Q: 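Could you have a look at this structure, given as structure tokens, before my questions?
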Amino acid sequence: VTNINELLRAAAADLPDNPALAEQVVARGRRHRLRVRAAGGCAAVVVAAVGGPLTVKTLANVGGGGIDKITISAAPGSRMSNPRPTGAQNLLVDDFVRNGLATAWAAGQRLQRSDVAGTRKGSVFYAYDPSSAKYWAIADFEPSASALAKHGTLNGGNGDPLIQFQDGPFIFSRSAGGSWTLVGDTGGGPICPRVPAAVIAVWHLPRC
Amino acid sequence: VVEEEFTWFVRRRGPALRRTAYLLTGDVGRAEDLVQTALVALWLKQRRVAAANWEAYVRRTLINISTSWWRLRSSTERPTANLPERPAAGWTDAVDERVLLVNALRQLSARQRAAVVLRHYEDMSEADTARMMGCSVGTVKSLASRGLDRLRQLLPADSLTEDTLNEELS
């Protein structure tokens, strides 16, 4: 006759040990991140290259042995080398995109990255525009708890760097494989003067 | 630095998390996959989750994933009311009890199993169990009570003490 607690502990203790668990988890995490980055960074290129095979040209190891960068080139005769411009494509926003936007925005506003908690929920739009061969995104940002503690509230008065969080949505662009660049803020106004009309259309935002 | 801290965390807490995952799944392979999936979820968010909250984050992820896996499994596998084979009592009674318990746990619903494991293996309070499972204390009491009641039906009559099995009902 045994107590359930003791029996559960005895049963759990039967599980064989796995000393390589940490290494297996980190390897799986890196593979997952690689897939997300490849999908986010190359989605439009892959779509444009339909009809011709792709060749993985280089795999570069960046930091800690994890594969971090992929360059994809077109196989001879494929349409990728001269992609036909099509309409803009609305793209899925993932954590990699959100983090890239937050980093670019913090740098553009001369804030510490740690002052920015991340993008505001529901504020991020992301697309690829073949006519300008650029990725476009708009986003608002949230201050981090440490920034709020350091600088006070958003309405802290003149000289408060957190006031910059109120000028969104902020517009970003980047070329394929490049980093996000802050195009500018809107101060709550329309984004259409700076964002291509085709991109605004796929985001289903009001046109000018 | 964060990654080194993460590796250290997995080495230190991984074995305990794997054991919990084993009881939640009742299968060595599924347990390994479950705990790795939960830890990978943490690895991807390690910079956004305070290190002090890593274990709670992983444990909650374990519960959530095991519940969703059970829902998926329930559409393809059909648990039976009775254990298919009960070994005869002998000198391996202790081993038999453990095997029977793991098999019996698999007959519970995912949430009943989670409530039993958190309350009786992790020794968590009803309030903490409720927070971990995202439900009320009353629901935890009900799930744990029904889970133990089901175990009593599935296990040999003399396997568990009545005190334990009755305490959830009181």
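Please read these numbers as outputs of a predicted model, since none were measured by experiment. Only heavy atoms go into these numbers, but all of them, side chains included; no hydrogens, no water, no symmetry mates. Proteins come first, then strands; the chains are lettered A, B, ... in the order of their sequence lines, and each starts at number 1.
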Q: Check this for me: A/Gln112, atom CD, are more than 12 non-hydrogen atoms of other residues, nucleotides or ligands nearer than 6.0 Å?
A: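 Count not over threshold, so no.
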Q: At what distance, to the nearest 0.5 angstrom, does CZ of A/Arg9 lie from CD of B/Glu122?
A: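 Output value for this atom pair is 9.0 Å.
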Q: Please tell me if the side chains of B/Val102 and A/Asp14 come closer than 4.5 Å, counting only heavy atoms from C-beta onward.
A: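 No, too far: nothing below the 4.5 Å cut-off.
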Q: Mind ranking B/Phe9, B/Tyr22, B/Trp8 by heavy-atom pairs under 4.5 Å with chain A and telling me who comes out on top?
A: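 Going by pairs under 4.5 Å, I would pick B/Tyr22.
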Q: Quick one: which of B/Asp123, B/Thr7, B/Leu42 has the most heavy-atom pairs under 4.5 Å with chain A, could you say?
A: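 Between B/Asp123, B/Thr7, B/Leu42, the count favours B/Asp123.
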Q: Between B/Val28 and chain A, which part of the residue has a heavy atom less than 4.5 Å away: side chain, backbone, both or neither?
A: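 Looking at B/Val28, backbone and side chain both touch chain A.
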Q: Measure B/Leu39 against the heavy atoms of chain A and call it side chain, backbone, both or neither at under 4.5 Å.
A: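 It is both, since atoms from each part get that close.
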Q: CZ/B/Arg152 to CD1/A/Ile4 distance, rounded to the nearest 0.5 angstrom?
A: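 Rounded to the nearest 0.5 Å, the CZ-CD1 separation comes to 11.5 Å.
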Q: Heavy-atom distances under 4.5 Å only: say whether B/Thr37 touches chain A with side chain, backbone, both or neither.
A: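 Both parts, heavy atoms under 4.5 Å.
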Q: At what distance, to the nearest 0.5 angstrom, does CG of B/Leu151 lie from CG of A/Leu7?
A: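 That separation rounds to 9.5 Å.
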Q: Who among B/Arg18, B/Arg48, B/Arg19, B/Glu32 has the most heavy-atom pairs with chain A under 4.5 Å?
A: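 If we count pairs closer than 4.5 Å to chain A, B/Arg18 comes out on top.
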Q: Heavy atoms only: give me the nearest B/Val40-A/Val25 pair and the separation to one decimal.
A: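 Closest pair (atom of B/Val40, atom of A/Val25, distance): CG2-O, 3.6 Å.
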Q: Over all heavy atoms of both residues, which pair between A/Ala11 and B/Arg98 is shortest? Give the atoms and the distance, please.
A: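 Looking at all heavy atoms of both residues, the shortest contact is N-CD, 3.4 Å.
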Q: Is the shortest distance from a Lys or Arg side-chain nitrogen in B/Asp33 or A/Arg28 to a carboxylate oxygen in the other one below 4.0 Å?
A: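 Salt bridge present between B/Asp33 and A/Arg28.
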Q: Please state whether the side chain, the backbone, both or neither of A/Ala117 comes within less than 4.5 Å of a heavy atom of chain B.
A: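 For A/Ala117, there is no contact with chain B at all, as no heavy atom is under 4.5 Å.
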Q: Is there a donor-acceptor contact under 3.5 Å from the side chain of A/Asn5 to the main chain of B/Tyr121?
A: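 Answer holds: no.
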Q: Locate the shortest heavy-atom distance separating A/Leu21 from B/Gly14; write the atom from each residue and the value.
A: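 Here A/Leu21 and B/Gly14 meet closest at CD2-CA, 3.8 Å.
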Q: Would you sort out whether B/Val10 and A/Val26 count as a side chain to side chain contact (heavy atoms under 4.5 Å, CB included), showing the intermediate values?
A: CA-CA 10 Å; B/Val10 175; A/Val26 170; over 6 Å; no
